[in-house]
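In the text below, chain A, chain B and the rest are named by the order of the sequence lines, each starting its count at 1. Computed from a predicted structure; not experimentally measured.
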Amino acid sequence: MPAQSMDELVSLCKRRGFIFPGSDIYGGLQGTYDYGPLGVELKNNLKAAWWRSMIYERDDIEGLDASILTHKMVLRHSGHEATFTDPMVDNRTNKKRYRLDHLLKDQKPEILSSISAAFGFEGEGVDALSSAMTKNPEKAEVALNAGKALDPDDGKPGNWTAPRPFNMMFKTTVGPVADEESYAYLRPETAQGIFTNFKNVVDSTSRRLPFGIAQIGKSFRNEITPRNFIFRVREFEQMELEFFVTPGTDDAWHSTWVETRLQWWRDQGLESNNLEPYHQTKEDLSHYSKATVDILYRFPHGLEELEGIANRTDFDLGSHTRGNDSLGIQANVEPNTDSTEKLTIPHPETQKPIVPFVIEPSAGVDRGVLAVLTEAYTKETLENGSERIVLKLRPHLAPIKVAVIPLAKNKLEITDVARKLKKDLQAIGFGRVLYEDTGNIGKAYRRHDEVGTPLCITVDFDTIGQGNKDGSEPSDPNLLGTVTVRNRDTMAQERIAMKDLPAYLLERLR
RNA sequence: GCGGGAGUAGCUCAGUCGGUAGAGCGUCAGCUUCCCAAGCUGAAUGUCGAGAGUUCGAGCCUCUUCUCCCGCUCCA
């Protein structure tokens with residue numbers, strides 16, 4: 001049974017060195033977490049598994065690592081400057097806070113028109129009214145109160161503040177002079193770096209449709225309320241694929257990718273009944289998307305998004321394309337005279353330049369780590385009544401692959417063999433091997449259960465051809481040069497010759 | 001940002017009326033044991049989240065602030 005509460009996971013992560021609060025010794029910085037010695041291994045393993053499945057095991061995807069600092073024009077034309085700046089208003093009476101456009105949409109028609117009249121608005125539509133009000137906050141405050149806008153919570157007229165922008169993107173100054181214009185953004189998603197490099201990748205790899213560009217990297221969002229451990233944080237890591245397809249084939253590719261991604265998460269050890277695809281409704285869809293399927297996972301705090309697979313149509317490449325009004329782009333894109341490029345590729349049949357559609361499977365690395373930890377966390381009651389905590393991680397994700405344990409830590413003949421074995425196994429290169437000599441053998445096993453080490457190898461007296469501590473009992477000559485290998489999940493042990501270990505381990509740690 | 005709860009050793013937590021800082025587990029060293037958290041001896045680790053105030057004296061009372069949890073709000 002997976003972890004039931006976030007608290008027990010947080011505690012294990014801190015205790016064993018997976019994840020710590022960011023800036024801990026100064027009281028912590030909200031929405032930041034640091035990965036410790038075991039956490040970084042786990043996270044790297046998860047990313048490596050994704051990269052392998054995208055880049056190495058397929059023939060139609062290229063890799064990329066774009067910079068985090070991003071030109072403001074990129075995020076202007078991507079639509080983020082507009083949509084990531086939500087004007088908020090507060091009701092002073094009951095202390096509730098709303099997005100201005102949401103609040104307006106909740107009003108009855110007659111109230112909406114009296115607000116509109118009080119503001120002196122002459123255009124059409126709630127969104128236009130909202131953006132007009134955002135540009136003139138003082139007048140907007142007067143209009144909201146004069147028009148008696150109702151609070152959706154209690155249905156009474158509120159005492160409204162002026163709308164104030166809340167920017168979800170982190171800005172930073174670039175260069176020595178901090179003035180109005182010398183700023184850049186920390187990217188709010190890795191995707192834009194892929195779109196801006198579309199032409200570079202196509203030109204340097206001779207790719208033709210369909211093909212994808214994959215990237216893993218940090219992104220930053222100034223979340224209002226970071227919450228739930230590493231689930232919602234301000235600095236996080238994404239694994240994103242932008243898969244470019246011929247318009248018309250996009251729906252089929254979208255379904256294909258949903259299936260592919262679900263299977264990948266199952267391969268990381270997540271149980272099917274804890275994974276749930278969710279088809280976003282029209283109201284949920286973001287500004288760029290034609291259809292989005294979320295892969296939800298049953299986290300300790302609830303069923304929430306692990307990955308989103310969006311059909312972004314030709315919106316992104318279209319938006320970043322110079323002279324995009326002449327290319328028959330299907331998405332509703334703003335004219336672009338800032339970009340220097342046409343982000344097009346020949347149509348596979350007509351060879352005419354087109355802006356392709358893009359399917360985007362976008363997964364959160366940190367959320368993935370949290371899901372994998374949640375799923376793996378297991379509390380078992382043993383036959384003797386004692387309890388053990390086991391992280392039943394898939395071997396390819398385990399931070400430590402093998403622990404080599406000398407049965408007696410003060411017996412040189414044994415520790416020498418164990419140390420040499422550790423070194424030899426490490427050299428094979430399947431991941432981290434640890435020499436473990438703290439406490440007694442049972443303690444060592446339990447410690448490695450708790451961090452998910454799949455196999456523990458014990459060097460004992462038989463290994464060195466000695467029946468017991470002082471050699472007073474005869475040793476079985478067949479056991480000379482063999483060790484015991486103990487399985488994390490079953491606790492069963494096997495006797496294996498040291499020379500056979502490399503093959504044995506490679507087969508089991510894949 | 002609002003409302004509620006919490007913050008004391010690495011973890012889980014106790015701390016009475018305001019009067020010298022505690023337990024269990026864990027960690028480290030040594031001994032012992034030698035295959036599933038056994039035992040013995042010893043040790044380290046606390047600005048009691050931070051700052052200010054009241055007081056002869058504050059872990060405890062007051063204020064400010066930070067962080068975490070729950071519920072709102074938000075969530076490309």
Give me the distance, rounded to whole Å, that separates [N] from [M] when you measure between the [atom1] atoms they each carry.
N	M	atom1	answer
U54(B)	C17(B)	P	25 Å
U64(B)	C74(B)	C1'	27 Å
G1(B)	G10(B)	P	30 Å
A37(B)	G26(B)	P	11 Å
A43(B)	A6(B)	C1'	32 Å
G49(B)	G7(B)	C1'	6 Å
U16(B)	A21(B)	P	13 Å
G51(B)	G59(B)	P	12 Å

Once you round it to whole Å, what is the distance between [atom2] of [N] and [atom1] of [X]?
X	N	atom1	atom2	value
R234(A)	C74(B)	CZ	C1'	11 Å
H448(A)	C35(B)	NE2	C1'	15 Å
I230(A)	C69(B)	CD1	P	12 Å
L103(A)	C74(B)	CG	P	10 Å
L12(A)	G10(B)	CG	P	17 Å
E8(A)	U12(B)	CD	C1'	13 Å
E413(A)	C34(B)	CD	P	16 Å
D24(A)	A50(B)	CG	P	13 Å

Looking at every strand, decide which applies to [X] at a 4.0 Å heavy-atom threshold: base, sugar-phosphate, or nothing.
X	answer
G31(A)	sugar-phosphate
T458(A)	base
S78(A)	nothing

Ignoring backbone atoms, test whether [X] places a side-chain nitrogen or oxygen under 4.0 Å from the OP1 or OP2 oxygen of [N].
X	N	answer
N228(A)	C70(B)	yes
K14(A)	G10(B)	no
Q30(A)	C66(B)	no

Under 3.5 Å, is there a donor-acceptor pair linking the side chains of [X] and [Y]?
X	Y	value
D250(A)	N311(A)	yes
T381(A)	E387(A)	no
Y35(A)	E41(A)	no
W160(A)	E141(A)	no

request  = Identify, between D7(A) and E305(A), the residue whose nearest nucleotide on RNA chain B lies closer to the 5' end.
outcome  = D7(A)

ask   = Hey, which of these two, T32(A) or V483(A), hits RNA chain B nearer its 5' end, going by closest nucleotide?
value = V483(A)

Which of these nucleotides, [options], is closest to any side-chain atom of [X]?
X	options	value
T225(A)	U73(B), C35(B), C69(B)	U73(B)
S11(A)	C11(B), C28(B), C72(B)	C11(B)
D460(A)	C70(B), C34(B), C35(B)	C35(B)
K409(A)	C11(B), C36(B), U32(B)	U32(B)
N410(A)	C11(B), U73(B), C34(B)	C34(B)

Are [X] and [Y], when compared by the centres of their aromatic rings, separated by less than 6.0 Å?
X	Y	result
Y185(A)	F170(A)	no
Y297(A)	F299(A)	yes
F220(A)	F236(A)	no

Decide yes or no, distance alone: a donor-acceptor N/O pair under 3.5 angstrom between the base of [N] and the side-chain of [X].
X	N	value
E223(A)	C74(B)	no
Y26(A)	C66(B)	no
R486(A)	C35(B)	no

If pairing requires Watson-Crick or G-U wobble contacts with both distances under 3.5 Å, which nucleotide is the partner of [N]?
N	value
G46(B)	none
A52(B)	U62(B)
A29(B)	U41(B)
C34(B)	none
G18(B)	none

inquiry  = Closer than 4.0 angstrom, basic N to acidic O: yes or no for K392(A) and E375(A)?
reply    = no

Give me, pair by pair, the N or O atoms of the protein and of nucleotides 37-44 of chain B that are less than 3.5 Å apart, along with how far apart they are.
unit_1	atom_1	unit_2	atom_2	d
A37(B)	N7	R446(A)	NH1	3.1
A37(B)	N6	E450(A)	OE1	3.3
A38(B)	OP2	N440(A)	OD1	3.3
A38(B)	OP2	N440(A)	ND2	2.4
A38(B)	N7	N440(A)	ND2	3.4

query = Can you list the steps and then say if F18(A) with F20(A) is a ring pair (Phe, Tyr, Trp, His ring centres under 6.0 Å)?
reply = CA-CA 7 Å; F18(A) 283 91; F20(A) 312 121; 9.5 Å; no

query = Any idea which heavy atoms bring D314(A) and V355(A) closest together, and the distance?
reply = CB-CG1, 3.7 Å

